[in-house]
2 protein chains.
Amino acid sequence: MPEESELDALDARLLLLLTDEPRLGVLECSRRLGVARGTVQARMDRLERRGVLRGFPPDLDLAAMGYGLTAFAVLEIAQGRRTEVAERLRAIAEVCEVHATTGQGDLLVRMVARDNADLQHVIDRVVNVEWVSRTSTSIALSTPVPTRVRPLLELAVE
Amino acid sequence: MPEESELDALDARLLLLLTDEPRLGVLECSRRLGVARGTVQARMDRLERRGVLRGFPPDLDLAAMGYGLTAFAVLEIAQGRRTEVAERLRAIAEVCEVHATTGQGDLLVRMVARDNADLQHVIDRVVNVEWVSRTSTSIALSTPVPTRVRPLLELAVE
DNA sequence: CACACACTAGGCAACCTGTCCAGTGAAACA
DNA sequence: TGTTTCACTGGACAGGTTGCCTAGTGTGTG
């Protein structure tokens, strides 16, 4: 039984369809793809089992929720304190994402805020976390390419 | 008619519920929240109209799809060429996200790759884009805080 | 006091879901 | 070559859900 972690064309077409119109049900998908309903159902089950398809979380627009500002911070932290720092960052609601990256113990943080005053406050909390030494923060002015997976799916369709 | 871009407690509880169990239908949500079905329906319609709720896109695990590596690049670009550079970056499938940030014309790029060789290839394509001057790239080793919105919703519940 | 508004509670037909089943073609195996 | 496995098709079924609508209630505003 080969690992087969690759997506075949049908998987990719299905995911592409769901990406464009997430509300579609299994039946409608089967019609659009020209396959039987059971097939679509089986594919979705398999994708979930394999962990490729995690689910269908609501896609929220933070800006529309009042969090119009996004900022990134690169944190340089004390040796061996990544876990502790990450934990403290996790406790800050406005911190939306943290990545540990190569380099001397760096963390890349994405955060949001309601306005400049709020952002100042959030940044303060982030950079004042214990064991954080040097930091450099920059504000997102625009997002020329919003988070996307579509192109990778298109590749998989062949 | 006030702007009212704020979420009230019910909105937040609904979104929280959908965040945890996205598959729930309107009826089930109404049961869990202890309100009438029509109310949930009305709230969801309103959230969509306001642009807060964009939809329910499939959440794909790129690692499970074979793209196990994530890298970030900060690009310094020639004055006034942000649009052109962004366009060329958009054409690269592995580029999953681009933000324009404060600083001297910087772009923050997130990209993925299948393995080290592939990553090398992707990075090359990104940093060789026209008008890109200095670049600095780092590889994501882990993600202590995966993309999340939940804490902000919890704040809104009060 | 009247009106608008949000919510509740219920009813209806059309549709979809989960779950079976039998039949087919192709690839893998002995 | 004959057999088994597997994915897919096409169809069936009951039960739940959706979209849509109506009527009644309570609250806040002018």
Side-chain angles (χ1 to χ4, degrees), chain A residues 1-61 64-66 153-158, chain B residues 1-61 64-66 153-158:
Chain A
M1 186 201 288
E3 236 325 293
E4 194 58 85
S5 77
E6 277 299 322
L7 303 181
D8 71 1
L10 183 56
D11 286 328
R13 285 202 300 143
L14 173 58
L15 292 177
L16 222 33
L17 186 58
L18 288 170
T19 299
D20 294 335
E21 301 181 61
R23 290 294 190 93
L24 295 187
V26 176
L27 184 57
E28 187 55 28
C29 287
S30 73
R31 283 196 278 251
R32 307 261 187 119
L33 296 173
V35 297
R37 183 164 69 108
T39 305
V40 172
Q41 229 142 12
R43 292 304 186 112
M44 284 186 65
D45 289 348
R46 190 160 56 107
L47 288 169
E48 274 191 41
R49 269 201 320 279
R50 280 205 259 155
V52 175
L53 179 56
R54 288 205 205 89
F56 296 82
D59 179 21
L60 302 178
D61 184 338
M65 282 173 60
L153 291 175
E154 283 165 357
L155 277 187
V157 179
E158 257 92 291
Chain B
M1 186 200 286
E3 235 326 292
E4 194 57 85
S5 77
E6 278 298 322
L7 302 180
D8 71 2
L10 182 56
D11 286 328
R13 284 202 301 142
L14 174 58
L15 292 177
L16 222 33
L17 185 59
L18 289 170
T19 298
D20 294 335
E21 301 180 63
R23 290 295 189 94
L24 296 185
V26 176
L27 184 57
E28 187 55 27
C29 286
S30 72
R31 282 194 279 250
R32 308 262 186 117
L33 296 173
V35 298
R37 183 165 68 110
T39 305
V40 172
Q41 230 143 14
R43 292 302 186 115
M44 285 187 64
D45 288 349
R46 191 160 57 108
L47 288 170
E48 275 193 40
R49 269 203 319 278
R50 279 205 259 157
V52 173
L53 178 57
R54 287 204 206 90
F56 296 81
D59 180 21
L60 302 178
D61 184 339
M65 282 173 60
L153 290 175
E154 283 165 357
L155 277 187
V157 179
E158 254 93 294

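Per chain, numbering begins at 1; letters A, B, ... match sequence-line order.
Rounded to an integer number of Å, the gap from CG of Leu10(B) to C1' of dA6(C) is 11 Å. Counting to the nearest Å, the C1' atom of dA27(C) and the CG atom of Asp8(A) are 16 Å from each other. In this structure, Met44(B) places its CE atom 18 Å from P of dA6(C), rounding to the nearest Å.
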* Residues Leu14(B), Val35(B); criterion side chain to side chain contact (heavy atoms under 4.5 Å, CB included); working and verdict -> CA-CA 11 Å; Leu14(B) 174 58; Val35(B) 298; over 6 Å; no
* Asked: Yes or no on side chain to side chain contact (heavy atoms under 4.5 Å, CB included) for Leu53(A) and Arg43(A), after CA distance, side-chain angles and deciding distance?
  -> CA-CA 10 Å; Leu53(A) 179 56; Arg43(A) 292 304 186 112; over 6 Å; no
* Test log, rule side chain to side chain contact (heavy atoms under 4.5 Å, CB included), inputs Leu17(A) and Glu28(A) -> CA-CA 10 Å; Leu17(A) 186 58; Glu28(A) 187 55 28; over 6 Å; no
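Here the side chains of Met65(A) and Asp11(B) are not in contact, with every heavy-atom distance at 4.5 Å or above.
Residues passing the side chain to side chain donor-acceptor pair (under 3.5 Å) test with Arg23(A), sequence neighbours excluded: Glu48(B). The side-chain contact (heavy atoms from CB on, under 4.5 Å) test applied to Leu27(A) returns Ser30(A), Arg31(A), Arg37(A), not counting sequence neighbours. Arg13(B) meets the side-chain contact (heavy atoms from CB on, under 4.5 Å) test with Leu10(B), Leu33(B), Val157(B); sequence neighbours excluded. Asp45(A) is linked by a side chain to side chain donor-acceptor pair (under 3.5 Å) to nothing, counting only residues two or more places apart in sequence or in another chain. Residues that satisfy the side-chain contact (heavy atoms from CB on, under 4.5 Å) test with Asp20(A), not counting sequence neighbours, are Arg150(A). Looking at residues two or more places apart in sequence or on another chain, you find a side-chain contact (heavy atoms from CB on, under 4.5 Å) between Arg54(B) and Asp59(A), Asp61(A).
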* **Letter per nucleotide, 5' to 3', of nucleotides 13-25 of chain C [B base touched, S only sugar-phosphate touched, - untouched; heavy atoms, 4.0 Å]** => ---SBBB------
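Axis angle across the helix from dC1(C)-dG30(D) to dA30(C)-dT1(D), with five pairs used at each end and values rounded to 10°: 40°.
Put simply, Thr39(B) has no side-chain N or O that comes within less than 4.0 Å of OP1 or OP2 on dA6(C).
Nucleotides of DNA chain D that come within less than 4.0 Å of any heavy atom of chain A span, from the 5' end to the 3' end, dC8(D) to dA12(D).
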